[in-house]
Amino acid sequence: MAYLEAGPADAVVLARDILGVVRPRREIADRLLATLLGSDPRVSRLPDGRWTLAPARANPLIEECTFAVVDVETTGMSPAKGGRVIDVAVARLTPAGITLALDTLVRSEGPLPPGISGLTGITGEMLRTAPAFGAVADGLLAAIRDAVFVAHNARYDWGFLSAELDRARAVRLTGPRLCTIRLTRKLVPELDYRNLDAVMYHFGITTPVRHRAGPDAVATAKVLERLLVLAREHGARTLGDLGAL
């Protein structure tokens, strides 16, 4: 934080001067800094990729926040290994309640593995008539704008959407993010399993369908509602407090 008080800094510079990485490669520096700072509300990332201190108002009270709860279904486990998004949804959680802001299938350019089709119920025929990611990118950006990015395993969903947005719009995701798995680990330590099914069962949350983006995003938003109650009982009052948890 003290280093950034002098102004925005590139990931390579931060990796070298703060983390002590000798001659850091660009891709490694970007990954390191995104992992360390990506969910910290005290900082933000500029369009040119540099890190900077966020405005002072970037640590609002929890009740002032809008949470964009995201879920994706994909053709693989990693975008770096060719995995693509085939289903994406965003449920926005505000003090007024939960609204499903985006819910759409996405046409994939690669093959649809039979295992993924069996898990999700999504078929190749369904995807052939779905829009390409570029056609839904603007709607996605609007659905998550001015909100805290939340997902059950946020790194996974963030990584896939970052890759798709980079490919379609040459833009990068920025801003604070929360992971409901990590919050559950802190706030419900008695759970042996923290997958979405286990956490839903613990909180008495049901959904008519699993492993589809829309229902899973809404279910995760309901999980987040319960976790926010527990977080307040632990003394959390601001977005920064949630990040600290």
Side-chain angles (χ1 to χ4, degrees), residues 30 33-35 37-49 51-52 54-55 57-74 79 83-106 130-183 196 212-225 227-228 238-240 242-243:
D30 282 339
L33 271 298
T35 299
L37 300 180
S39 61
D40 194 322
R42 298 172 296 173
V43 298
S44 61
R45 201 169 187 184
L46 298 173
D48 63 9
W51 293 92
T52 185
R57 201 54 197 144
N59 191 24
L61 296 172
I62 293 173
E63 57 267 25
E64 295 174 341
C65 293
T66 295
F67 299 93
V69 185
V70 177
D71 188 82
V72 299
E73 301 297 333
T74 64
R84 300 296 299 269
V85 171
I86 57 173
D87 195 13
V88 57
V90 181
R92 287 174 70 92
L93 171 63
T94 69
I98 298 170
T99 57
L100 190 59
L102 177 76
D103 183 13
T104 181
L105 290 170
V106 179
F133 190 89
V136 305
D138 290 343
L140 170 66
L141 290 170
I144 64 177
R145 184 173 293 124
D146 300 323
V148 180
F149 185 104
V150 183
H152 205 69
N153 190 359
R155 183 180 297 180
Y156 181 90
D157 297 70
W158 179 282
F160 266 98
L161 292 182
S162 290
E164 294 285 4
L165 285 168
D166 186 40
R167 185 182 293 111
R169 289 287 187 273
V171 298
R172 299 174 179 177
L173 285 179
T174 61
R177 70 177 186 240
L178 291 174
C179 177
T180 47
I181 289 181
R182 292 188 176 188
L183 284 175
L196 186 56
R212 287 298 306 271
D216 282 2
V218 171
T220 304
K222 293 178 179 179
V223 166
L224 179 62
E225 278 188 311
L227 291 172
L228 291 179
T238 68
L239 179 58
L242 290 177

Test side chain to side chain contact (heavy atoms under 4.5 Å, CB included) applied to V88 and D71, step by step: CA-CA 6 Å; V88 57; D71 188 82; over 6 Å; no

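- Across A168 and G134, no two heavy atoms sit closer than the pair CB-CA, 3.9 Å.
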Test log, rule side chain to side chain contact (heavy atoms under 4.5 Å, CB included), inputs E73 and L105: CA-CA 9 Å; E73 301 297 333; L105 290 170; over 6 Å; no

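- A salt bridge does not link E225 to K222: none of the charged side-chain nitrogens sits closer than 4.0 Å to a carboxylate oxygen.
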Residues L196, T220; criterion side chain to side chain contact (heavy atoms under 4.5 Å, CB included); working and verdict: CA-CA 8 Å; L196 186 56; T220 304; 3.8 Å; yes

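- A distance of 10.0 Å separates SG in C65 from CG in L93, rounded to the nearest 0.5 Å.
- When side chains are defined from C-beta on, V70 does not count as touching V150, because their heavy atoms never get closer than 4.5 Å.
- Nearest heavy-atom pair, W51 versus R45, reported as atom, atom and distance to 0.1 Å: CZ2-CD, 3.7 Å.
- Two residues are said to be in side-chain contact when any heavy atoms from C-beta on lie closer than 4.5 Å; L102 and T104 meet this criterion.
- For the pair A147 and R92, the tightest heavy-atom approach, listed with the atom from each and the gap, is CB-NH1, 3.9 Å.
- Separating the CG atom in L178 from the CG atom in L224 is a distance of 7.0 Å, to the nearest 0.5 Å.
- Atom SG of C179 is separated from atom OH of Y156 by 13.5 Å, given to the nearest 0.5 angstrom.
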Stepwise side chain to side chain contact (heavy atoms under 4.5 Å, CB included) check, L242 with F67: CA-CA 12 Å; L242 290 177; F67 299 93; 4.2 Å; yes

Trace of the side chain to side chain donor-acceptor pair (under 3.5 Å) decision for T180 with H152: CA-CA 5 Å; T180 47; H152 205 69; 2.6 Å; yes

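- Sorted pairs that involve residues 139-159 and meet salt bridge (charged side-chain N to carboxylate O under 4.0 Å, His left out), not counting sequence neighbours, are lacking altogether.
- Within the 4.5 Å cutoff, side-chain heavy atoms of R177 are placed close to those of W158.
- Considering only heavy atoms from C-beta on, L161 comes within 4.5 Å of F133 through its side chain.
- Looking at I86 and V72, their side chains never come closer than 4.5 Å, going by heavy atoms from C-beta outward.
- To the nearest 0.5 Å, atom CD1 of residue I181 and atom CG of residue L227 are 11.0 Å apart.
- In terms of heavy atoms, A132 sits closest to V106 at C-CG1, 4.1 Å.
- Two residues are said to be in side-chain contact when any heavy atoms from C-beta on lie closer than 4.5 Å; T52 and S44 meet this criterion.
- Side-chain contact between R169 and D138 is present, with at least one heavy-atom pair separated by less than 4.5 Å.
- The two atoms that bring G159 and P79 nearest to each other are O-CG, 3.9 Å, heavy atoms only.
- Using a 4.5 Å heavy-atom cutoff, the side chains of L239 and V148 are in contact.
- Qualifying side chain to side chain donor-acceptor pair (under 3.5 Å) partners for R212, counting only residues two or more places apart in sequence or in other chains: D87.
- A pairwise comparison of heavy atoms in G214 and L100 identifies O-CD1, 4.2 Å as the closest pair.
- Between the side chain of T99 and the backbone N or O of A101, no donor-acceptor pair lies under 3.5 Å.
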